[in-house]
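Each chain gets a letter, A, B and so on, in the order the sequences are listed, and its residues count up from 1.
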Amino acid sequence: MDDSKPKSLNFLEEIIQQNLASGQYSEGIFTRFPPEPNGYLHIGHAKSICLNFGLALRFGGKTNLRFDDTNPITEETEYVEAIKKDVSWLGFTWENELYASNYFEQLYQFAVELIKKSLAFVDDSTAEQIAAQKGTPTSAGTESPYRKRSVDENLTLFKEMRDGIHVDGAKVLRAKIDMAHANMHMRDPLMYRIRHVAHHRTGKTWCIYPMYDFAHGQSDSMEGITHSICTLEFDVHRPLYDWFIEKLNIFPTHQYEFARLNLSHTVMSKRKLLQMVNEKIVKGWDDPRMPTISGLRRRGYTAASIRNFCDRIGVAKRDNLIDLSLLEFCIREDLNKSADRVMAVLDPVELVISNYPEDQVEELAIENNPEDPESGKRSVPFSKNLYIERDDFMLDPPKKFFRLGPDLMVRLKGAYIIKCEFFDLNEDGSVKTIYATYFPNSKSGSDTSEIHVKGTIHWVSVPHAVEAEIRSFNRLLIVEDASELGDDFLKFINPESVQINERAFVERSLRSAGVNKAVQFIRKGYYCLDPDANPDKLVFNRTVTLKDTWAKEQNK
RNA sequence: UGACCUAUGGUGUAAAGGUAACACACCAGUUUUUGGUUCUGGUUUUCUAGGUUCGAAUCCUAGUAGGUCAACCA
């Protein structure tokens, strides 16, 4: 830690600092990141990952990656692999790769122990009956008629459950606590249910599986987790978490809760993300529009930018809705320093420089990144025939339009100042070709023309242009707060969440672009090559646009 | 008509009884061969009512508002 500039602590850091100051956990703190392998990780998980690993890093501790795989119905090995990849990619290294299923035998023995202490019983009630017994938050529940079974009978029946004698749903094991407890989770909660289903790791070894509440705390305890950090909705589970640990008399791990991340214009629930994948609203878990780690990666977000984002949003216990613009700020901040600038014309229109020699080609040296003096220059071919952006020409331009129009002058980036002379129109009235003249003495780096223009536009030489497909992504939702949305959230999907320019042109140097390497298309945004690209066809994803105060001005 | 959690600018997050600050967003200007970047400045804040105190965003009480909890999900 850097004592020279005291950084304010979040509430978890404060707790840990106090623990350490009072001599607790002298061997270091231990945290864990415990995903259920039933889907891909998203930006909300990134917050938890950065928190858990970050806390351990900061206070000299360790972090386990533990898969909470107690429900074989929804879990798959595919997800385990994807999760490991994402955590690694974010830049974190776990101490141990563990699974709740590693502890099935031990958990079974814990359950037997509680039965022997008369703190658990086998219940033959149906799911509906148990639900009815629970009562409501404002009225006490009623005890199960099976609650008074003898220890021996419970032991026998629980063994039978394990041995597969009973069908799914026939029996459950419940803790014997208090059916009148104000906390619903303390009203004889379920510990085990029967599921004759193969598990992705233990196969058919088990047909009874522990519930979350009976697995999570004990797993933490067995691993010596000092700070078990989870989201707010588990707050009401904490008394039960503590109850099992106390009755079992095992290592006293402690649970702390923080507010989950909510991002504006973004669906975060795993269920809804899965639905979008299944209903093909998006092309997969790693669709660049998805808030998943894999989607953000494919979109071009860097691990550093996501870590930085998680750092900036802070950690607290109140509900929050973070503006997407903060995430965008973080990736722009990162890429501005590192991404090479190149030229690409997304919506091309031809520009002919009338007074430029027919067959001449000049190789212009253009800097790669003005923010990085080390980045050097590259050679870009210039010729009589160019593509420029359709947007950069207006027949009847408004005031302060620093681009091309009849009789207007602009600089072509890294090349010459030109003046528009005339233009041809297509039958539909759109611009077909623009004709301009250039000033030979205005060449970048050796400009003696003394002409001052306000605007500089990008271009690509027609004979040297490389055709590419460019995919521009926008926010997936048209509403700010997705938490307000129910099952009809699909109605609020942005119909323009992706725009594809199939016939865009990029400069020659991009022919050797590497997948995921960020570049800035000058005046457009940050882009990266998509894995869909092949040697015959380049495909770029827009990670984020550049800030555009001109567009903002126009919308006024 | 319960228990628990929470309440600070537009959005987040700080301020551990002593000048309410930082970031994003927004606005204005500066710089710039990217309407990018940089730099400078600005607008905007303690849920309400009582109480304790020389002094309250902070402590207490009561309200109010939001959230969570009644899955054989996690």
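To the nearest whole angstrom, the two P atoms, one in rU33(B) and one in rC47(B), are 48 Å apart. Here the separation of rG2(B) from rA70(B), taken at their C1' atoms, is 12 Å to the nearest Å. Taking atom C1' on both rU58(B) and rG18(B), the two are 11 Å apart, rounded to the nearest angstrom. Rounded to whole Å, the P atom of rU40(B) lies 12 Å from the corresponding atom of rC24(B). rU45(B) sits 6 Å from rU8(B) when the C1' atoms are compared, rounded to a whole Å. Taking atom P on both nucleotides, rC39(B) is separated from rC22(B) by 15 Å, rounded to a whole Å. Distance check on atom C1': rG9(B) versus rC4(B) gives 29 Å, rounded to whole Å. Using C1' as the reference atom, rA20(B) and rU46(B) are 8 Å apart when rounded to the nearest Å.
Nucleic acid contact for Asn183(A): none, since no nucleic acid atom lies under 4.0 Å from a heavy atom of the residue. Within the nucleic acid shown, Phe234(A) comes within 4.0 Å of at least one base atom, counting heavy atoms only. As judged by a 4.0 angstrom heavy-atom cut-off over every strand, Arg312(A) is placed among residues touching the sugar-phosphate backbone only. Residue-level contact check: Ile457(A) touches neither bases nor backbone, having no heavy atom under 4.0 Å from any strand. Looking at heavy-atom distances under 4.0 Å, Ile313(A) makes contact with sugar-phosphate atoms alone, never a base. Within the 4.0 angstrom heavy-atom criterion, only backbone atoms of the sugar-phosphate kind lie near Glu36(A); the bases stay farther away. Using a 4.0 Å heavy-atom distance criterion, Ile322(A) is classed as a sugar-phosphate-only contact. Contact annotation for Ser125(A): base contact, defined as any heavy-atom pair under 4.0 Å involving a base atom. Here Tyr416(A) lies out of heavy-atom contact (under 4.0 Å) with every strand. Counting any heavy atom pair closer than 4.0 Å across all strands shown, Phe402(A) reaches a base atom. Heavy atoms of Gly414(A) sit under 4.0 angstrom from at least one base atom. Using a 4.0 Å heavy-atom cutoff across all strands shown, Arg403(A) reaches at least one base atom of the nucleic acid. As judged by a 4.0 angstrom heavy-atom cut-off over every strand, Asp213(A) is placed among residues making no nucleic acid contact. Residue-level contact check: Lys552(A) touches the backbone only, with heavy atoms under 4.0 Å from sugar-phosphate atoms and none from bases.
Both Asp548(A) and Met184(A) lie close to RNA chain B; mapped to their nearest nucleotides by heavy-atom distance, the more 5′-ward contact belongs to Asp548(A). In terms of position on RNA chain B, the residue among Leu321(A) and Thr74(A) whose nearest nucleotide sits closer to the 5' end is Leu321(A).
Bounding nucleotides for the chain A contact on RNA chain B, 5' to 3', at a heavy-atom distance below 4.0 Å, are rG2(B) to rA74(B).
A 3.5 Å limit on both hydrogen-bonding distances identifies rG2(B) as the Watson-Crick or G-U partner of rC69(B). Nucleotide rG18(B) forms a Watson-Crick or G-U wobble pair with rC54(B), both donor-acceptor distances falling under 3.5 Å. Remark: rU33(B) base-pairs with no nucleotide; criterion is Watson-Crick or G-U wobble with both hydrogen-bond distances under 3.5 Å. rA28(B) and rU40(B) make up a base pair, with Watson-Crick or G-U wobble contacts both under 3.5 Å. Partner assigned to rU48(B) is rA62(B), using Watson-Crick or G-U wobble distances below 3.5 angstrom.
Using a 3.5 Å distance cut-off with no hydrogens or angles, the side chains of Asn19(A) and His227(A) do pair a donor with an acceptor. Of the N and O atoms on the side chains of Arg271(A) and Asn38(A), not one donor lies less than 3.5 Å from an acceptor on the other residue. Under 3.5 Å, the side chains of His458(A) and Arg341(A) contain no donor-acceptor pair of N or O atoms.
Residues satisfying the salt bridge (charged side-chain N to carboxylate O under 4.0 Å, His left out) criterion with Arg201(A), sequence neighbours excluded, are absent altogether.
For the pair Met186(A) and Leu240(A), the minimum side-chain heavy-atom distance is below 4.5 Å.
Using cut-offs of 30° and 60° on the angle between ring planes, the pair Trp459(A) and Phe382(A) is perpendicular.
Residues Tyr103(A) and Arg66(A) come closest through the heavy atom pair CE1-CD, 4.0 Å.
Residues Arg411(A) and Asp447(A) are paired through a salt bridge, judged by an N-O separation under 4.0 Å between the basic side chain and the carboxylate.
With Asp123(A) as the fixed residue, the side-chain contact (heavy atoms from CB on, under 4.5 Å) test singles out one of Lys176(A), Lys171(A), Arg147(A), Gln133(A): Gln133(A).
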